[in-house]
Amino acid sequence: MGRITERLIRQRAEHNEGLVSTLEEVALHQQNIEKIELLGQLCPKLKILYLQNNLIGKIQNLHKLKELEYLNLAVNNVTKLQNLQRCESLKKLDLTINFVSKAGLLTVESLRANLHLEELYLLGNPCTDWHGYRQYVVAKLPQLKKLDGQAIKPSERIAAQQVLPELEAALVVELRAEGVDVEAAGAVEDDSLYDETGAAVAEVPETGYVDEKGELVRPWCAATRILEHREQEAANRDAEEKRREGTAKPSLDSGPPRPQRHEAFPEIADTDRIYQKNEGKWEFSLEEAPDGRSLVLEVAVGRFLDTSLIQTDLQPTFVRLLIKGKLLQLLLPCEVRPDAAKAQRNMTTGQLVITMPKEDPLKPVVDVAKLRPKVPGTSGTASGYPASSGPSSRESGAASAGASGGRGVRLPGGAMGTTKGAGNGAGDFTIKEVRRAAVTAVMGGEEDGDDPPDL
């Protein structure tokens with residue numbers, strides 16, 4: 001059941017900037033409306049009102065529309081003309097294809113109060129089948145200029161006035177013969193369809209019957225229109241629910257569901273296992289610094305991303321970043337010192353760089369599977385970061401390798417730092433570690449003799 005609400009009227013008042021108090025024209029057609037309401041209170045300045053193709057069974061609640069000039073109620077369930085006496089400015093009334101019966105012609109005289117009424121349309125109503133319909137209406141409403149789109153000539157009006165007494169008598173006789181209470185013309189309204197408020201009741205009795213072919217046949221009446229509209233609404237709801245269910249179920253082509261945004265870091269219990277996560281699909285690299293004393297994480301967060309949208313959580317064995325509510329969670333290949341770590345952003349590219357000193361700087365990284373070099377297939381050693389001074393050959397080699405390139409990075413507190421890029425001298429990290437382990441084993445072990453061992 002559709003209803004006239006303030007929200008609906010505002011949506012239809014876009015041409016008036018959503019203002020309803022000064023609205024002069026509104027179209028509320030095809031909304032399954034069953035009752036006219038709120039228009040008199042919200043839109044007192046209405047001049048044109050379109051309510052065609054709804055389920056309205058009673059003309060009501062329009063007495064406050066003093067400036068209403070055109071009312072379109074075509075294709076509704078109206079059975080009689082009433083409650084328009086106070087619409088003094090009404091000029092055109094369209095009731096095409098309604099259910100104004102022959103008994104409903106008795107209510108046509110109520111439109112005499114509408115002195116400015118010039119056009120009336122009753123085509124498609126049962127009353128038009130009566131032989132004296134046009135003459136009766138023309139005689140009852142002398143202010144009319146057009147009836148059903150045809151102009152009323154003076155000669156036609158004079159002839160209708162002359163036969164009006166006979167038409168009135170014939171109409172009363174026919175209605176009484178059909179068992180209609182002429183004194184109460186409102187009895188022609190189907191009270192089983194509309195309650196005292198004018199809205200259709202929840203349960204509408206079935207009007208059809210099953211023919212010989214097993215098909216449901218319904219007569220064309222107000223009850224049939226309501227039943228068919230409600231059946232169509234139920235079918236539309238079922239189709240919409242099925243569509244939503246189909247959309248909610250992931251298909252093979254839809255891919256994984258999109259993760260929800262986080263306001264804060266998800267809590268991790270002591271017994272929970274840490275998994276690698278990249279909900280935002282950020283491009284990143286996790287490498288060992290050239291001096292071997294720290295790990296370097298670079299994340300391409302974008303140049304125009306505000307730093308306030310980035311949160312960090314560094315633990316000894318893992319690091320978490322919350323970027324625009326999307327979680328990036330990485331396991332570290334070795335333990336680090338969170339208290340000595342620092343985060344920087346590149347002023348040019350916006351690149352986020354997190355430097356995490358190792359807990360044991362001299363211990364090489366063994367779990368190299370957790371490293372992610374910038375260029376796949378190359379070493380897990382970060383390029384472009386200053387090496388710490390030291391006596392080891394590894395540190396000095398890394399420092400000599402970083403001799404070219406440079407970029408500005410804003411340090412915390414507004415200071416500027418410069419990082420150098422590594423040259424081509426950096427070898428494969430894994431090969432280095434294997435060679436160093438082999439040399440250590442040889443240097444630290446006992447010298448082998450020329451004699452073979454004893455059996």
So does Glu231 have more than 12 non-hydrogen atoms from other groups sitting under 6.0 Å from CD? yes
Are the side chains of [Y] and [X] in contact, using a 4.5 Å heavy-atom criterion?
X: Leu106; Y: Tyr136; answer: yes
X: Leu321; Y: Gln311; answer: no
X: Leu73; Y: Leu71; answer: yes
X: Pro333; Y: Leu295; answer: yes
X: Lys92; Y: Glu118; answer: no
X: Val296; Y: Ile354; answer: no
X: Lys66; Y: Arg86; answer: yes

Closest heavy-atom contact between [X] and [Y]?
X: Leu111; Y: Leu81; answer: CD1-CD1, 3.7 Å
X: Pro338; Y: Pro316; answer: CG-N, 3.9 Å
X: Ala160; Y: Ala139; answer: O-CB, 3.5 Å
X: Val353; Y: Glu298; answer: CG2-CG, 3.9 Å
X: Asn98; Y: Pro126; answer: O-CD, 3.8 Å
X: Leu23; Y: Cys43; answer: CD2-SG, 4.2 Å

Between [Y] and [X], does any NZ, NE, NH1 or NH2 come within less than 4.0 Å of an OD or OE carboxylate oxygen?
X: Lys45; Y: Glu24; value: no
X: Glu174; Y: Lys102; value: yes
X: Glu119; Y: Lys91; value: no
X: Glu34; Y: Arg230; value: yes
X: Arg244; Y: Glu240; value: yes

Where at least one partner belongs to residues 161-172, residue pairs that pass salt bridge (Lys or Arg N to Asp or Glu O under 4.0 Å), sequence neighbours excluded: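 Qualifying pairs: Lys140-Glu168.
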Could you check whether any side-chain N or O of [X] sits under 3.5 Å from a backbone N or O of [Y], counting only pairs where one atom can act as donor and the other as acceptor?
X: Asn125; Y: Cys127; result: no
X: Gln276; Y: Leu331; result: yes
X: Asn346; Y: Gln351; result: no

For Ser21, give me all partners under side-chain hydrogen bond (donor to acceptor under 3.5 Å, both in side chains), at least two apart in sequence or on another chain.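 Residues passing side-chain hydrogen bond (donor to acceptor under 3.5 Å, both in side chains) with Ser21: none at all.
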Report the residues that fulfil salt bridge (Lys or Arg N to Asp or Glu O under 4.0 Å) with Arg112, sequence neighbours left out, ordered by chain and then residue number.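 Salt bridge (Lys or Arg N to Asp or Glu O under 4.0 Å) list for Arg112, sorted by chain: Glu109.
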Tell me every residue that passes salt bridge (Lys or Arg N to Asp or Glu O under 4.0 Å) with Lys324, counting only those two or more places apart in sequence or in another chain.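 Lys324: no salt bridge (Lys or Arg N to Asp or Glu O under 4.0 Å) contacts found.
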What residue pairs, at least two apart or across chains, pass ring pair (Phe, Tyr, Trp, His ring centres under 6.0 Å) with a residue in residues 2-23? none
Inter- and intrachain pairs under ring pair (Phe, Tyr, Trp, His ring centres under 6.0 Å), touching residues 64-90, at least two apart: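 Applying ring pair (Phe, Tyr, Trp, His ring centres under 6.0 Å) to every pair that reaches into residues 64-90, excluding sequence neighbours, yields Tyr50-Tyr70.
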Looking only at the side chains, is there a donor atom on one of [X] and [Y] sitting less than 3.5 Å from an acceptor on the other?
X: His262; Y: Glu279; result: yes
X: Gln315; Y: Asp313; result: yes
X: Asn54; Y: Gln31; result: no
X: Asp148; Y: Tyr133; result: yes
X: Thr348; Y: Arg303; result: no

